[in-house]
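Structure, as structure tokens:
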Amino acid sequence: YDIQKRKQELMKELHEKLQCLDNPDCEIEKEPNSILVRYDKAKNEFIIINEDGTEEQVTYGEILTDGEWGVLYHLDKKTVPRNTIKKYLIEQTKRQLRHELDLQIIFSEKSGIANKISKGQLGNQFKSRVQAYENYHAALEEERLEDRVGVWAEKMVKNIFKKMIYDHGVGLVVSDVDIFEDIEHKIDFIIKRAQHKRGVRVEEIQDAQDIGIQITANGNKGVHKRKRRQISNVLEKQEVFELVDDIALVFLSSKKISPAINEWEDRGRPPGGPDKILSEDTIEKIFKQVLEGLLPPEEIENYWMQRKNSL
């Protein structure tokens, strides 16, 4: 009930901010530790103002995705386009709502599975599922999710794709999922083709497949085998096909991910997230590895060249 109440408050706050956005006499309150962003119309650039007064460029995609890393922005109402501010406010609220939903799912699933085990309706093998929800809950409460390389890898890959869409117009759609889909269906996020219509408007292609992506940065062969078996078991259940058409398991090397995480931390967690530390070669390998087998090679190459040519 308390979580549901917080979700309602978040929606109320969003509504108030959107009303303020359309009121010339209203200023949206600046959140603590948020970074001021102004828009230079002549250069078509978003500029952040650091505490020491220095300026640096930030991209539209970074503004919309950096909330995943706890980096918040305050968009200057006088210079930043209204649609950008509106999109940012909505994405921030969606992220907060997803966090609250994850908590609701954790409490519900933990108690439901535990009760069935105690009544003998489920065997002890289901205790691992309870443990999975408990581990995730502990990570959320103690804010140590970021210490798990696997979770970082998932966020980094997902944001690489989102920023390619926002900043470079790559014709894909990335959808977030909740903790239930992560634990029960082994899906970290979903990728789908998109097509451009009428300028910047993006529409989903009706006959395109929804592909669930599962990322692992664990190099242990035993873990790889277990992950493949888990996904095979999930695909045997018809319920998963209400969400996706297939699930792709992607193995990434922690040797690439961990140094980027450490360097980003050492720099004081600047805008752009740890994926901004990765080299272009590494980003290209990740991008193509995720899409390999899902799309024709020439289509993957076209998407990559679209990004490269817009840099």
> Are Phe251 and Ile213 co-members of a hydrophobic cluster defined by side-chain heavy atoms under 4.5 Å apart?
Replying inline: no
Test side-chain contact (heavy atoms from CB on, under 4.5 Å) applied to Gln4 and Tyr1, step by step: CA-CA 5 Å; Gln4 191 63 28; Tyr1 174 80; 5.7 Å; no
Ile187 and Val157: same hydrophobic cluster, using ILVMFWY side-chain contacts below 4.5 Å? no
Correct closest heavy-atom pair for Asp245 and Phe241 would be O-CE2, 3.5 Å
Which of Gln104, Gln96, His99 passes side chain to side chain contact (heavy atoms under 4.5 Å, CB included) with Lys7? Answer is Gln104
Hey, is Glu29 close enough to Lys17 for a salt bridge, meaning N to O under 4.0 Å? no
Rounded to the nearest 0.5 angstrom, the CG-CZ distance for Asp40 and Phe46 is 10.5 Å
For Glu56 and Asn50, test the side chains for any donor-to-acceptor distance below 3.5 angstrom and give the result as yes or no. yes
- Message: In this structure, would Ile183 and Leu235 fall into the same cluster of hydrophobic residues linked by side-chain contacts under 4.5 Å?
- Response: no
- Message: Between Val240 and Ile211, is there shared hydrophobic-cluster membership here, with clusters defined by ILVMFWY side-chain heavy atoms closer than 4.5 Å?
- Response: no
Worked check of side-chain contact (heavy atoms from CB on, under 4.5 Å) between Thr79 and Lys41
CA-CA 8 Å; Thr79 62; Lys41 188 175 182 180; over 6 Å; no
Contacts of His168 meeting ring-ring contact (aromatic ring centres under 6.0 Å, His included) (sequence neighbours excluded), chain-then-number -> none
Checking Glu134, Glu109, Glu184 against Arg129 for side chain to side chain donor-acceptor pair (under 3.5 Å), the one that qualifies is Glu184
Practice item. Would you check, one step at a time, whether the test salt bridge (charged side-chain N to carboxylate O under 4.0 Å, His left out) holds for Arg267 with Glu263? Key: CA-CA 6 Å; Arg267 291 187 186 181; Glu263 184 175 344; 2.4 Å; yes
Salt bridge (charged side-chain N to carboxylate O under 4.0 Å, His left out) with Asp176: of Lys162, Lys155, Arg95, Lys94, only one passes, and it is Lys162
Can you check whether Leu64 reaches Tyr88 side chain to side chain, under 4.5 Å on heavy atoms? yes
Heavy-atom nearest pair, Ser254 first then Ala217, reads CB-O, 3.5 Å
Do the side-chain N and O atoms of Asn135 and Gln131 include a donor-acceptor pair separated by under 3.5 angstrom?
-> yes
| task | If the plane angle is over 60° it's perpendicular, under 30° parallel, otherwise tilted; pick one for Tyr303 and Phe287. | result | perpendicular
Would you mind reporting whether Lys110 and His137 have side-chain heavy atoms less than 4.5 Å apart?
yes
| query | Going through the checks in order, is the side-chain contact (heavy atoms from CB on, under 4.5 Å) test met by Arg269 and Trp264? | reply | CA-CA 5 Å; Arg269 297 190 167 203; Trp264 184 68; 3.6 Å; yes
Worksheet entry | Ring geometry between Phe180 and His185 (parallel below 30°, tilted from 30 to 60°, perpendicular above 60°) | perpendicular
Check: Are Leu36 and Val80 in one and the same hydrophobic cluster, where Ile, Leu, Val, Met, Phe, Trp and Tyr link if side-chain heavy atoms are under 4.5 Å apart?
Finding: no
- prompt: Any Lys/Arg nitrogen of Arg82 or Asp22 sitting under 4.0 Å from an Asp/Glu carboxylate oxygen of the other?
  reply: yes
Does a side chain donor of either Asp281 or Ser279 reach within less than 3.5 Å of an acceptor in the other side chain?
no
